[in-house]
Amino acid sequence: MYKLIVFTILLCIPPIRSIAQSKPTLHDIFLDESQPDSLRFEVAATLRFKYLGHKVDSLLWQANVMKKMIDKGKSVDWSGMWYFTMGRYYFVTARPDSARIMNEAGINMLESKGGNPRILSKLLAAQGRAESVSGNYDLAKSYYVRARLLLNPNVDVANMGKLHLFEGALEQEQGLFLPALFSLQESLKFAEKVQDYETQATALVNIGLIFTELGMEEEARKELLKSAKIYEQEGDNHSLATAQTFLIPTAANLDEARSFYNAGIRIATSANLQEIQSNLHYELGRYFSRRQMLDSAMVHFTQAQEIAASRKLEMEVATAKTQKGDILIKQGKTQEGIAILESVLPDLKLLRINASLVTAYTALSVGYKQRGDANRALDFLEKSVALSDSIKSKEISENVIRQYLDNLYQKEKAQIEAQNALSKLEAETQLHQQRLMMWGLTIIMLLLGGLAYTFFRNMKAKKAAAEQLQLLNTRLQQEGENLAQSNKMLHNFALSVSHDILNNIDLILSNGNILVGTSRNTKTLGLYFDQTQRIGQQLKEYCLSLLQSARNYHQEHNAQTLYDPNPIVQQILERFAPLLNEKGFRVETSPLAPSRLPLAIVSQVFQNLITNAIRYAGDQDAPLLRIGQETTDQKNSWVIEDNGPGIPPHLQRDLFEKAAQSNKGQGIGLVQVREILQKFEADITAENSPLGGARFVVTL
């Protein structure tokens, strides 16, 4: 209820703007009896709007001056303005009964004497506002309708906007949300025509409050933010701070609610608007209470009560105390909560704050139930239900909003169609004019056409030649980069092949020593021959595939094909089987995941790593070679580790940066392995294994 009253008054009492600058000049004109009555009458209306902000005494000053004009025998319109001004004075000083008496007297006088229809419309609208505040909604509605019928919608645009706003606020108070939304939209339409920002912003606020009642917080927030932007542009801090109050219940989360609260408090504090500070604390307290943050809610309800008490705002004090009593009962402080609620009940009944009465009755029912007083608990519960049923039901349904939005859509569609029709007519008119101009320009165009054609053809040919040259240069540059890359790959190929050939020659020699030894009989020589043939064939295939991979690097690098590494690993293990068996290796393997690495690269990687394991772990009492897979952060890795002596600390850092020489090898293979892996967006790292030896991890 207080929200509607606040914003109705905000509309009827525009803020003071530049009073100090305009007052002397307007007073001089108004008091100068040599000026025409029509001019002095307009100045009186201007002064009324400039002084209605927060200085009620200015209403009395105007009324006294107008009374003097009436005593001098001025027209009936001055009397009408006097009644209107006195009615406004009683209205803003919270005496609606006196306001109704003054308004009714002015209406009867103007109707009987045929006064200015605009002044009569103002009196009818003022009477409607007085009746709505007193709860006489049907009577208020009739006054608004009579006021509108006296106006010309094409001339009195601003007043039409205000009257539709008053009707929308009245329907909103009755819970007739759908008619209220339509009335408020009509108000917006008239207000936008004359750039009446106050009416426009107030209509947006009321639409936002309706959406809040319907539980449509997001839609409410949009409308309220629009109004806040208008108030900020107009420098109306009072209304801007109040808009922040209404935004709090629409907040999507706690941080947003606090941001609205902080913005409102900052504005209200700077402008010393203590009433709004009380409302801000109250709304944030309700936000906390709905989310069961009872301690925080209690703090803000207490602050709201203290500020309201200091300003003697009886309604705000009563509603804050009601919320505090409800929280105390929820917290289990039953006796204290009941005491507060029992003390505030008379004020709630006197002030007719029905919503808070329902809250109080419900909380008291719960409190007496906690105390074991079933009779009183039932009594308050019955009062709560009865009062809730007596409150006018709200049209809270999806169909209401759907109908409203559909209506808006139809209006927007009609406006778009009208705009399209107008645009089409303008386009056709413009096209007709262009055709006339084209006939006049045809001869000139024909004369210039030949020259233009030749010029543009040459320009086009030059542009095409330049683009072709640029394309050829780009291709040439790309080919050069590809050639350089291929040369580098072939260089790496030469290093890799030479290194791996040496390893395989060592393997052949080692196998000879193992298979033949000192007993060179036909059987051992045959085994050695077969083994040498197989190793030689595999080495040949390996060299050819590695060479092919170097030549086709760009195709393989961009390909998405997955290769199975397991057959290659088994082939290499079979090749090194005699040497592994001779050194007593125990080999443990588990399946490896497919990868984008070409099989030649897989062969190169595992041949080098297995060779290193044989070299360095072969001297152990029970040498172990383990090949497996790990998965971390959704990435697969191949792991090759042994139980050899491990990697010396002075070699770990530079193991892949340069050929790390040792007494068992030159270290070229590992450098080449890392370079080729990185070209395929893979990598290899080395560390000491928990087995005691080296551990190499190939990250795919």
Side-chain angles (χ1 to χ4, degrees), residues 253 255 481-482 485 488-489 492-493 496 500 542 545-546 548-574 576 585-614 616-617 624-644 646-647 649 651-658 660 667 669-700:
N253 51 57
D255 290 339
E481 292 176 356
N482 291 343
Q485 185 66 38
K488 185 175 181 181
M489 289 294 295
N492 292 339
F493 166 75
S496 299
D500 295 340
Y542 163 68
S545 62
L546 194 60
Q548 185 68 21
S549 177
R551 289 173 175 171
N552 300 333
Y553 165 73
H554 297 285
Q555 291 83 352
E556 292 181 344
H557 181 268
N558 297 322
Q560 298 299 321
T561 305
L562 294 177
Y563 300 97
D564 184 4
N566 292 290
I568 297 298
V569 174
Q570 291 301 321
Q571 187 182 83
I572 296 172
L573 289 173
E574 290 174 2
F576 285 91
F585 266 90
R586 179 163 58 93
V587 179
E588 297 178 358
T589 62
S590 58
L592 304 179
S595 74
R596 292 176 51 239
L597 294 176
L599 295 179
I601 305 305
V602 175
S603 179
Q604 183 181 5
V605 171
F606 278 95
Q607 181 169 289
N608 275 278
L609 297 178
I610 292 173
T611 301
N612 283 345
I614 294 173
Y616 293 98
L624 172 62
L625 171 62
R626 181 178 292 168
I627 300 175
Q629 176 175 306
E630 292 181 353
T631 302
T632 56
D633 298 332
Q634 297 182 346
K635 288 186 177 181
N636 293 325
S637 300
W638 298 336
V639 179
I640 301 92
E641 55 186 338
D642 58 59
N643 63 344
I647 305 171
L651 294 180
Q652 284 187 13
R653 185 181 61 181
D654 300 327
L655 192 61
F656 298 103
E657 303 298 330
K658 60 184 179 180
L670 291 177
V671 176
Q672 300 302 319
V673 164
R674 185 176 213 182
E675 287 185 2
I676 194 65
L677 283 174
Q678 289 178 343
K679 294 182 186 301
F680 285 89
E681 299 178 358
D683 199 5
I684 182 171
T685 57
E687 57 190 26
N688 285 322
S689 168
L691 300 177
R695 172 185 168 93
F696 293 91
V697 180
V698 178
T699 304
L700 303 177

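Side chains are part of it too, since the values below use all heavy atoms of this structure and drop only hydrogens, waters and symmetry mates. Nothing here was measured: the structure is a model prediction, and the numbers come from that model.
Note that OG of Ser595 and CD of Glu681 are 12.5 Å apart. Values are rounded to the nearest 0.5 Å. Taken to the nearest 0.5 Å, the CD1 atom of Ile640 stands 6.5 Å off from the CD1 atom of Ile684. For the atom pair CG (Leu573) and CD1 (Ile610), the distance works out to 4.5 Å, reported to the nearest 0.5 Å. Taken from CD1 in Ile572 to OG1 in Thr611, the straight-line distance is 8.5 Å, to the nearest 0.5 Å. Atom CZ of Arg626 and atom CD of Glu588 lie 4.5 Å apart (nearest 0.5 Å). Going from atom CZ of Phe606 over to atom CD1 of Ile601 covers 13.0 Å, rounded to the nearest 0.5 Å.
Residues Asp683 and Arg674 are paired through a salt bridge, judged by an N-O separation under 4.0 Å between the basic side chain and the carboxylate.
When the side-chain contact (heavy atoms from CB on, under 4.5 Å) test is applied to Asn636, the partners found at least two apart in sequence or on another chain are Ala593, Gln629, Thr631, Leu700.
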>> Under the criterion side chain to side chain contact (heavy atoms under 4.5 Å, CB included), I'd like the reasoning laid out for Arg596 against Leu562: C-alpha separation, chi angles, the key distance, then a yes or no.
In response: CA-CA 5 Å; Arg596 292 176 51 239; Leu562 294 177; 3.9 Å; yes
>> Before you tell me yes or no, could you show the steps for Leu597 and Leu677 under side chain to side chain contact (heavy atoms under 4.5 Å, CB included), namely the whole-Å CA-CA distance, both residues' side-chain angles and the distance that decides it to 0.1 Å?
In response: CA-CA 8 Å; Leu597 294 176; Leu677 283 174; 3.6 Å; yes
>> Please evaluate residues Val602 and Tyr563 with respect to the criterion side chain to side chain contact (heavy atoms under 4.5 Å, CB included), reporting the C-alpha separation (whole Å), side-chain torsions for both, the decisive distance (0.1 Å), and the verdict.
In response: CA-CA 9 Å; Val602 175; Tyr563 300 97; 5.8 Å; no
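Taking each heavy atom of Asn608 and Gln604 in turn, the nearest pair found is ND2-O, 2.8 Å. Ala694 approaches Ser689 most closely through the heavy-atom pair O-CB, 3.8 Å. Gln570 approaches Thr589 most closely through the heavy-atom pair NE2-OG1, 4.0 Å. Listed here is the closest heavy atom pair of Gly628 and Leu592: O-CD2, 3.2 Å.
Counting heavy atoms from C-beta on, the side chains of Val605 and Trp638 never come closer than 4.5 Å. Taking the side chain as every heavy atom from C-beta outward, Phe585 and Phe576 never approach each other to under 4.5 Å. Val639 has its side chain within reach of Arg695: a pair of non-hydrogen atoms, C-beta onward, lies under 4.5 Å apart.
Below 30°, between 30° and 60°, or above 60°: for Phe656 and Phe696 the angle between ring planes is above 60°, a perpendicular geometry.
Listed for the Asn253 side chain is a donor-acceptor partner under 3.5 Å among the backbone atoms of Asp255. Not one N or O on the side chain of Ser603 forms a donor-acceptor pair closer than 3.5 Å with the backbone of Leu599. In this structure, the side chain of Asn688 does not engage the main chain of Gly646 through any donor-acceptor pair within 3.5 Å.
Side-chain N/O atoms of Asn566 and Asp564 include a donor and acceptor closer than 3.5 Å.
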